[in-house]
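Nothing here was measured: the structure is a model prediction, and the numbers come from that model. The figures here come from the full heavy-atom set of this structure, side chains too, leaving out hydrogens, waters and symmetry mates.
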Amino acid sequence: MCVCCFSQGSGTYFHEAAYDAFCVGTVFLRLAHLMAMKGLSSMEAYPVACHVYFQKLQPYTNKINVSRGPLNFVNLLGEDPVHSAPSLLIAKVQRGHTITKRMLEDNLGDLGNADVQMLNNGSALIALASMKRAESILLNKKPSLIHVRKYSWVRDTLPNSKILWLGVLMSAVAVGVTGLVVANALRKNQ
């Protein structure tokens, strides 16, 4: 239906505002028609009046889609939806093997709208748009070298942060020493 370039006269043009507006309007009307006819069989279809389109599109009025963001949309006239963090999975392979995005797709199926961050040669972090998709991946995973589970901040971040653990250990020692000093001082004052 819509193409990225068109010819007019002797040249080829990659952008024409009027043509872009025509394509957007065409797609908008087709989507509005699909929403108006949702749930009806082809035998029940009828010519749709303009007010029906407006009625069906009312829940989407003054809302701007945010693609691949923490919000699904921004509401221009009211409250924005509650922020929901993406569902995170971590994929790891056995030592001596290397994980690739292609390997993830082959073993986990279609990841859909997902961001994959390779952490190192043996692991990858997968951010999915919905918890439902994460659960589907966990349930339908093919047996393979890849082990996939839900990401846990404590399990996956803290053990790798030696400086953080060193800080925790030093704090515990400092609290213990302070406790001993205070206890000795209290004994001397009695």
Requested in this report: Could you walk me through whether Met35 and Leu57 pass side chain to side chain contact (heavy atoms under 4.5 Å, CB included), step by step?
Outcome: CA-CA 8 Å; Met35 291 182 69; Leu57 294 172; 3.7 Å; yes
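- Distance CD1/Ile126 to CD/Gln117: 11.5 Å, rounded to 0.5 Å.
- With contacts defined as side-chain heavy-atom distances shorter than 4.5 Å, the pair Gln58/Lys56 does not qualify.
- The CG atom of Asn121 sits 11.0 Å away from atom OG1 of Thr100, with the distance rounded to the nearest 0.5 Å.
- At distances below 3.5 Å, at least one donor-acceptor pair connects side-chain atoms of Lys63 with backbone N or O atoms of Pro59.
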**Report entry** Steps toward side chain to side chain contact (heavy atoms under 4.5 Å, CB included) verdict (Leu89, Lys150)
**Finding:** CA-CA 4 Å; Leu89 299 178; Lys150 290 182 183 176; 4.2 Å; yes
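- Side chain of Thr26 to main chain of Phe22: a donor-acceptor pair is present (N/O by atom type, distance under 3.5 Å, no hydrogens or angles).
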Requested in this report: Show your working on side chain to side chain contact (heavy atoms under 4.5 Å, CB included) between Leu125 and Val116 and close with a plain yes or no.
Outcome: CA-CA 6 Å; Leu125 188 63; Val116 177; over 6 Å; no
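- A donor-acceptor pair under 3.5 Å links the side-chain atoms of Asp80 to the main chain of Asn75, judged by distance alone.
- Between Ile146 and Val93, the closest heavy-atom pair is CG1-CG1, 3.8 Å.
- Tyr60 and Leu77 are members of different hydrophobic clusters when ILVMFWY side chains are connected at heavy-atom separations under 4.5 Å.
- Contact annotation: the side chain of Tyr151 approaches that of Ile90 to within less than 4.5 Å [non-hydrogen atoms, C-beta and beyond].
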Requested in this report: Apply side chain to side chain contact (heavy atoms under 4.5 Å, CB included) to Lys92 and Ile99, showing your working.
Outcome: CA-CA 7 Å; Lys92 293 186 175 189; Ile99 193 168; over 6 Å; no
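- How far CG of Leu29 is from CG of Leu34: 11.0 Å, rounded to the nearest 0.5 Å.
- When all heavy atoms of Met118 and Lys101 are compared, the closest pair comes out as SD-CG, 4.0 Å.
- The hydrophobic cluster containing Val48, built from Ile/Leu/Val/Met/Phe/Trp/Tyr side-chain heavy atoms closer than 4.5 Å, also comprises Met37, Leu40, Tyr46, Val52, Tyr53.
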